[in-house]
Q: 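Sharing a structure, written as structure tokens. Questions coming.
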Protein chains: 2
Amino acid sequence: MKKDIQTINKEIAYIQDTLYVINGKWKLPILIAIYNGVYRFREIQRYVGAITPKVLSNYLKDLEENKLVIRKVFDSSPVLVEYHITEYAKTLEPMMREMVSWGANHRIKISQESKTIN
Amino acid sequence: MKKDIQTINKEIAYIQDTLYVINGKWKLPILIAIYNGVYRFREIQRYVGAITPKVLSNYLKDLEENKLVIRKVFDSSPVLVEYHITEYAKTLEPMMREMVSWGANHRIKISQESKTIN
DNA sequence: CGGGATCCACTTCGATACTG
DNA sequence: CAGTATCGAAGTGGATCCCG
């Protein structure tokens, strides 16, 4: 029972749109960090892992342009910058939840397989 | 109300695992096609879009290695090959559903924004 | 602290042509 | 039909150093 061509084509086009928005190695990890209240540049960097400042900076700009995060600058000294999730980024939550939970199960599956091999 | 560090770190690690499995421009589009009963090489190619045989071939190999699709060869002439979804790949369905539906909504949002601008 | 500048290695993807 | 071979462009991310 194959769906009709148009339906399949639309599903493919939609998921490609989504992939385009969340593309890149670090975009979702960064979003998850900010989502969970990690607001500062260095702090995000520490949470996300082996990301260099340049790359993190590029991702944050991209996320800001796509209106998924907001950059707030406080004129203190030293300068303080915070990144926050937008309302629109919150619509990504169900998808991110599924991805986190699939990843958790996948890790279990992989570890079981390696046990079987040994 | 920031979650504790370990929880956030785990979520990030899990989503990175997931991203690693579904990485690449064409993997999910290919999976969706096969998922919907598009089994043949050329047919998949047509559905997915502007993908060349080489790239499609590489992706299918990758998907096979990761046990997300199974390759069945029929000794007819000409040779017939079919790709099918594995049971494990079906566990990706909730995630893919969310991604398709988010993409659909995103497209609506984008089109509304461009209307506002003009 | 929050980045920018530069350079480079690597992967990915696409175009084109060809094969069993 | 179901791929493989070859080449090259382009993007992506990492290393390192620097700046206000």
Q: So, Lys27(B) versus Asn23(B): side-chain donor-acceptor pair below 3.5 Å or not?
A: yes
Q: Suppose we call two aromatic rings close when their centres sit under 6.0 Å apart. Are Tyr88(A) and Trp102(B) close by that rule?
A: yes
Q: Taking the six-membered ring for Trp, are Tyr47(B) and Trp26(B) closer than 6.0 Å centroid to centroid?
A: no
Q: Which is true for Tyr83(B) with a 4.0 Å heavy-atom rule: it touches a base, it touches only sugar-phosphate, or it touches nothing?
A: sugar-phosphate
Q: On DNA chain D, reading 5' to 3', which nucleotide is the first and which the last to sit with an atom under 4.0 Å from a heavy atom of chain A, could you check?
A: dG13(D) to dA15(D)
Q: Can you confirm whether Val38(A) sits close enough to Ile34(A) that some side-chain heavy atom of one is under 4.5 Å from a side-chain heavy atom of the other?
A: no
Q: For Arg97(B), enumerate each residue passing the salt bridge (charged side-chain N to carboxylate O under 4.0 Å, His left out) test, keeping only those at least two apart in sequence or located in another chain.
A: Glu93(B)
Q: Got a sec, which hydrophobics cluster with Ile108(B), joining ILVMFWY side chains under 4.5 Å apart, including via others?
A: none
Q: Which parts of nucleotides 10-20 of chain C does protein reach within less than 4.0 Å, heavy atoms only, written one letter per nucleotide 5' to 3' as B for base, S for sugar-phosphate only and - for none?
A: ---BBB-----
Q: Residues in salt bridge (charged side-chain N to carboxylate O under 4.0 Å, His left out) with Lys25(A), at least two apart?
A: none
Q: Please tabulate, one pair per line, all N/O donor-acceptor pairs under 3.5 Å involving side-chain atoms of residues 63-75 of chain A, not counting sequence neighbours.
A:
residue, atom, partner, partner atom, Å
Asn66(A), ND2, Asp62(A), O, 2.9
Asn66(A), ND2, Asp62(A), OD1, 2.7
Arg71(A), NE, Tyr83(A), OH, 3.1

